[in-house]
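A short write-up of the structure that comes next.
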Amino acid sequence: MDWLLKDWFSHYNYWIAIFLMMIGFYTVISRGNMVKQIVGLNIFQTSVFILYISLGNVAGGSAPIVREGITLFSNPLPHVLILTAIVVGVATSALGLALIVRIKEAYGTIEEDEIREVDRMRESVEIHIEDALQDKTLHEDTPR
Amino acid sequence: MEQVIVTVLLGFLAATAVAVIRIKNLFAIVMLFGVYSLLCASVFLIMDAGDVAFTEAAVGAGITTVLMLSTVALTGSAIRIDKGSDKRNKLMPLALVTLTGLALVWGTLDIPPYSDPAAPVHQHVAPRYIEDSPQEIGIPNMVASVLASYRGFDTLGEVAVVFTAGLGVLMLLGRKKRKDQNKS
């Protein structure tokens, strides 16, 4: 029991990060609405940020900026990595959201299954048109 | 004390994330995501990552929320309510997520405890930046000197990524406007 309690507090941050990551993952694979999927993707990303910043923390340390009277600093490397990751993350989200706007214009919906249905309908319509055209050319070829 | 605040804030984060997947209105989801990002920024600030907290508050809670809001304004905020029939479709993702989560938790048991100064991460590379970068680069903020000087090429690559993404967004959304102009 004592072991569990000790382990619980020393790994709590990592487990919350994993919990958030799984919530984001679940949103991406189980929900059909595309804006919701982008939100899920962002939650997934943020969980990784929390994991990295947790790993970089040092007990009793301070933010990695030199000041008088401070000798113990947190690890600056994870901070640098995550700064880059945040900016790249917003770039990918922006691209995804722009794609969603275009999909809405082209399909009239942002639900995944409805888009698939529209695609199927369009395909069958195209096949019908092709068949009709082929019939027409066949009839034209035959001498009257 | 610090750990207590982090624990409470992380609890809030988990609750917000659960609310995000349960709510059926996109506007509410996006606003909750803004709350989530701001909570994240507070967690980063308490975990000594000031620069990351600024960026998360400005970029995550600010720009991303604005982008999502404008997308919702263009596409409509109603989510189609799922019928009861696809309950079976949700069991499979839930099982997959639980399995992955358990595997990851099993993996964390090998990670040294939170904020342990003896952890391997703090033994290599980082001490050099902490000890030498203030003299070598001449600015007190180590994160800034690593980002802009030691790892300057990485930051250049990041700029290239952001530029490409901006170009992509322009090409996706700029096309329609030109067509309209040709018509009129």
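Chain letters run A, B, ... following the sequence lines, proteins first and then strands; every chain starts at 1.
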Positions in residues 150-164 of chain B that reach chain A, provided some heavy atom is under 4.5 Å away: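 Checking residues 150-164 of chain B against chain A gives E158(B), V161(B), V162(B).
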Contact residues of residues 118-125 of chain B (partner chain A; heavy-atom separation under 4.5 angstrom):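 Listed by number: V121(B), H122(B), V125(B).
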Measuring from atom [atom1] of [X] to atom [atom2] of [Y], what distance do you get when rounded to the nearest 0.5 angstrom?
{"X": "K24(B)", "Y": "K36(A)", "atom1": "NZ", "atom2": "NZ", "answer": "5.0 Å"}
{"X": "L172(B)", "Y": "L99(A)", "atom1": "CG", "atom2": "CG", "answer": "5.0 Å"}
{"X": "L67(B)", "Y": "I100(A)", "atom1": "CG", "atom2": "CD1", "answer": "11.0 Å"}
{"X": "T108(B)", "Y": "I18(A)", "atom1": "OG1", "atom2": "CD1", "answer": "4.5 Å"}

Measuring only between side-chain heavy atoms, which start at C-beta, is [X] closer than 4.5 Å to [Y]?
{"X": "V80(A)", "Y": "M142(B)", "result": "no"}
{"X": "L26(B)", "Y": "I110(A)", "result": "yes"}
{"X": "T100(B)", "Y": "Y26(A)", "result": "no"}
{"X": "I38(A)", "Y": "T71(B)", "result": "no"}
{"X": "C40(B)", "Y": "I50(A)", "result": "yes"}
{"X": "F49(A)", "Y": "V43(B)", "result": "no"}

Which residue out of [options] racks up the most heavy-atom pairs below 4.5 Å with chain A?
{"options": "I139(B), I63(B), V20(B), D116(B)", "answer": "V20(B)"}
{"options": "I130(B), L74(B), I23(B)", "answer": "I130(B)"}
{"options": "F54(B), F44(B), Y129(B)", "answer": "F44(B)"}
{"options": "G50(B), G101(B), G11(B)", "answer": "G101(B)"}
{"options": "L94(B), T16(B), L45(B), T98(B)", "answer": "L94(B)"}

[X], [Y]: one ILVMFWY side-chain cluster at the under-4.5 Å cut-off?
{"X": "V30(B)", "Y": "V35(B)", "result": "yes"}
{"X": "V118(A)", "Y": "I127(A)", "result": "no"}
{"X": "F12(B)", "Y": "L20(A)", "result": "yes"}
{"X": "Y12(A)", "Y": "I111(B)", "result": "yes"}
{"X": "F19(A)", "Y": "W106(B)", "result": "yes"}

Would you mind listing the cluster partners of V125(A)? Hydrophobic ones only (ILVMFWY), side-chain contacts under 4.5 Å, chaining allowed.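 Reading the cluster by chain and number, V125(A) sits alongside I129(A), L133(A).
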Measuring heavy-atom distances to chain A, does [X] have an atom under 4.5 Å in its side chain, in its backbone, in both, or in neither?
{"X": "L13(B)", "answer": "both"}
{"X": "V72(B)", "answer": "side chain"}
{"X": "P117(B)", "answer": "both"}
{"X": "P127(B)", "answer": "neither"}
{"X": "L104(B)", "answer": "both"}
{"X": "S70(B)", "answer": "neither"}

Provide the closest heavy-atom pair for T75(B) versus V101(A) in the form atom of the first, atom of the second, distance.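 Taking T75(B) first and V101(A) second, the nearest heavy atoms are CG2-CA, 4.5 Å.
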Side chain, backbone, both or neither: which part of [X] has an atom under 4.5 Å from a heavy atom of chain B?
{"X": "L97(A)", "answer": "both"}
{"X": "E114(A)", "answer": "side chain"}
{"X": "I23(A)", "answer": "both"}
{"X": "M34(A)", "answer": "neither"}
{"X": "L95(A)", "answer": "both"}

Choice from [options] maximising heavy atom contacts with chain B below 4.5 Å:
{"options": "I103(A), I43(A), I16(A), L55(A)", "result": "I43(A)"}
{"options": "I82(A), T92(A), V35(A)", "result": "V35(A)"}
{"options": "I53(A), L51(A), L81(A)", "result": "I53(A)"}
{"options": "T109(A), V87(A), V88(A)", "result": "V87(A)"}
{"options": "A94(A), G40(A), S93(A)", "result": "A94(A)"}

Would a distance-only check, ignoring hydrogens and angles, find a side-chain to backbone donor-acceptor pair under 3.5 Å from [X] to [Y]?
{"X": "Y114(B)", "Y": "N13(A)", "value": "no"}
{"X": "H79(A)", "Y": "A144(B)", "value": "no"}
{"X": "R31(A)", "Y": "I21(B)", "value": "yes"}

May I ask you to list the residues in residues 62-78 of chain A that approach chain B closer than 4.5 angstrom, counting heavy atoms only, ordered by number?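 Within residues 62-78 of chain A, the residues under 4.5 Å from chain B are S62(A), A63(A), P64(A), I65(A), V66(A), F73(A), S74(A), N75(A), P76(A), L77(A).
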